[in-house]
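Below: the structure, in structure tokens.
Keep in mind that the numbers below use all heavy atoms, side chains included, and drop hydrogens, waters and symmetry copies. Residue numbers start from 1 in every chain, and the chains themselves are labelled A, B, ... in the order their sequence lines are given, proteins ahead of strands. Model, not experiment: these values are computed from the prediction.
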Amino acid sequence: MSVYDILKERGFIEQVTHEKEVKEMLENEKVKFYIGFDPTADSLHVGHFIQIIVMKHMQNAGHIPIALVGGGTAKIGDPSGKTDMRKMLENNTLDENAKAIGNQISKYLVLDGEKGILENNANWLDNLNYIDFLRAVGSKFSVNRMLEAECFKSRMQNGLSFLEFNYMIMQGYDFLELNRRYNCKLQLGGNDQWSNIIAGANLIRKSDRKSAYGLTFTLLTTSAGQKMGKTEKGALWIDKDKTSPFELFQYFRNVSDVDVEKVLKLLTFLPLDEIEKLVNVEGNEINKAKEVLAYEFTKIVHGKDEADKALEAARALFGGGKNEENIPSTEFDSSLFEDDGYEIRKILVDIGICSTFSEGKRLIQSGGVYLNDERVKEFYSALSLKDFKDGEAMIRKGKKVYHKIIIKK
RNA sequence: GGAGGGGUUCCCGAGCGGCCAAAGGGGGUGGACUGUAAAUCCAUUGUCAGAGACUUCGAAGGUUCGAAUCCUUCUCCCUCCA
């Protein structure tokens, strides 16, 4: 079975420029393809990860991925799917981000220059000569056409700067450049990248009279149509210092029933018949599938050790297990808890469960905070030494968020 | 460059001198119900404080006892004209 069929079967594929040709190409040759990642933050998040999974599928099938970090394009800002112009980032931040993201991607794919390649489009975009560029590339684009593009639609009302208007051209040029440098013939991306991808493929046809193809994948959304991987704190990051493996695990442990099958197919490598078995169950049996999903995905992102720990921690908290070692925790100096103790709403802020005291207070008042499984009644309640057992106390927010308070030895 | 219309709290969107920390919806969070699901219902959603204070309505000034609401300048966006 070809990768194309695998991707199709698992529900990745959304749009293809030339289905027949792409399919044949993937069946008959080693194809160099690329996916771009703009370094708008110092880590990738779950929404990006689906692209990495795709690249792995492709690499496993013997194709050669080019992971393109958009150090150049990020200076422009992709208007796709945005209603407002993005904040402009400083050049040095972008450089650091680009480095961090390059490192992350390298953890998941072989990018040795042979089986896979890591590139940065700043290498060719930064020093473009405006006039030369306009003559060579700008002449190949029709503004009329561009204005029709889906990715600009939402911006026709809210305003689109010329800077951002050029994003499509830059991305198109990337494809041309990669085609020339590496003979890259295929660009993949999320479905929001469709316009940008065809821009590149068309540019290659027009400039060099060569064929190039594009293929887009479904975006990771919930059944409600919202982007998956967003939490109240923001994105779910791949960097474990930004989002702990336990948090990542819990997020997927808690996806809606209707999304489980889709996400298992997209974010894990489990065979389809196995997924089938997990999902075709009655009522709360589906929880097993969710656990598998959470475990498998955490394993892919953070490795087996971290996944095991997260699984154990989750079972300890929700399944009556014993091993509570891996639950998120924070150490405090014992002197804080002497006498009247230390106010719980302040602890909530310290351990990052709330961002302000007011929020902590509200949370307690609405009955959402528990100390050692007992609901905290007063918003000014404090945590004092008598609440600790073996130097530990458990704070819980709502039903699912646990945090251990440990006395520093 | 000219004419007109706008920038409101996480988002959309009312308000157009006091009753406005600002309607309504969305989203978030908590509670009830459950299966660590969905749906539903209730509460909550600026900060700090044992209920009173402090900072918000693009920015800076001004008028007024009092401004998100009026005036001035600046800035950004939209529409039409050039």
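Searching all strands for a Watson-Crick or G-U wobble partner of B:C70 with both distances below 3.5 Å returns B:G62. Remark: B:A43 base-pairs with B:U29; criterion is Watson-Crick or G-U wobble with both hydrogen-bond distances under 3.5 Å. Across the strands present, B:A22 finds no partner; the criterion is a Watson-Crick or G-U wobble pair with both atom distances under 3.5 angstrom. Of the nucleotides present, none pairs with B:A82 by Watson-Crick or G-U wobble criteria with both distances under 3.5 Å.
For the pair A:Lys262 NZ and B:A38 P, the computed distance is 15 Å after rounding to whole Å. Protein atom CZ of A:Phe379 is 16 Å distant from nucleotide atom P of B:U44, rounded to whole Å. Computed from coordinates, the A:Arg396 CZ to B:G31 C1' distance equals 12 Å when rounded to whole Å. Residue A:Leu160 contributes atom CG, which lies 11 Å from atom P of B:U79 at whole-angstrom precision. Between the CG atom of A:Asn284 and the P atom of B:U36 there is a distance of 8 Å, rounded to whole Å. Rounding to whole angstrom units, CZ of residue A:Phe357 and P of B:U29 are separated by 22 Å. When rounded to the nearest whole Å, the span between NZ of A:Lys400 and C1' of B:U34 equals 11 Å. Atom CG in A:Asn254 sits roughly 5 Å away from atom C1' in B:U36 (whole-Å rounding).
Looking only at atom types and distance, the side chain of A:Lys210 has a donor-acceptor partner in the side chain of A:Asn179 under 3.5 Å away. Under the 3.5 Å distance criterion, with hydrogens and angles disregarded, a donor-acceptor pair is assigned to the side chains of A:Thr216 and A:Asn191. Under 3.5 Å, the side chains of A:Thr243 and A:Glu247 contain no donor-acceptor pair of N or O atoms. Between A:Gln171 and A:Thr73, the side chains place no donor N or O within less than 3.5 Å of an acceptor N or O (distance only, hydrogens not considered).
Between the P atoms of B:G30 and B:U75, the separation comes to 45 Å (whole Å). For B:U73 and B:A23, the P atoms lie 32 Å apart once the distance is rounded to whole Å. B:U63 and B:U69 are spaced 15 Å apart, taking the P atom of each and rounding to whole Å. Taking atom P in both B:G7 and B:C70, the straight-line distance is 11 Å, to the nearest Å. Taking atom P in both B:C19 and B:A68, the straight-line distance is 9 Å, to the nearest Å. A distance of about 49 Å separates the C1' atoms of B:C48 and B:C80, rounded to the whole Å. Between B:G27 and B:C20, the two P atoms lie 26 Å apart (nearest whole Å). Taking the C1' atom of each, B:G25 and B:G13 are spaced 8 Å apart, rounded to whole Å.
A cation-pi arrangement is absent between A:Arg345 and A:Phe357 under the rule of less than 6.0 angstrom and at most 45 degrees off the ring axis. Taking the centre and axis of the six-membered ring of A:Tyr4, the NZ or CZ atom of A:Lys23 falls outside the cone set by 45° and 6.0 Å.
Here B:A37 is the nucleotide among B:A37, B:U36, B:G30 with the atom lying nearest to any side-chain atom of A:Asp257. The side chain of A:Ser256 approaches B:A38 more closely than any other nucleotide in the set B:A38, B:U36, B:C48. Listed nucleotides: B:G50, B:C48, B:C33. Nearest to the side chain of A:Lys399: B:C33.
Here the two rings, on A:Phe318 and A:Tyr402, have centers that are under 6.0 Å apart. With ring centers used as reference points, A:Tyr295 lies 6.0 Å or more from A:Phe252. In this structure, A:Phe297 has its ring center closer than 6.0 angstrom to the ring center of A:Phe49.
In B:A22 the O4'-C1'-N dihedral to the base is more than 90° from 0, which defines an anti nucleotide.
In this structure, A:Tyr213 and A:His18 have perpendicular ring planes: the angle between them is above 60°, well past the 30° mark. Ring orientation note: the planes of A:Phe332 and A:Tyr342 are tilted relative to one another, at an angle of 30° to 60°.
The residue A:Glu285 sits apart from the nucleic acid: no heavy atom pair falls under 4.0 Å.
For RNA chain B, the residues of residues 361-376 of chain A within the heavy-atom distance limit of 4.0 Å (strictly under) are A:Lys361, A:Arg362, A:Leu363, A:Ser366, A:Gly367, A:Gly368, A:Tyr370, A:Arg375, sorted by number. Against RNA chain B, the stretch residues 286-294 of chain A makes heavy-atom approaches under 4.0 Å through A:Ile286, A:Asn287, A:Lys290.
Take the nearest nucleotide of RNA chain B for A:Glu359 and for A:Val255: the residue whose nucleotide is more 5' is A:Val255.
At the phosphate of B:C48, OP1 or OP2 sits under 4.0 Å from a side-chain N or O atom of A:Thr356.
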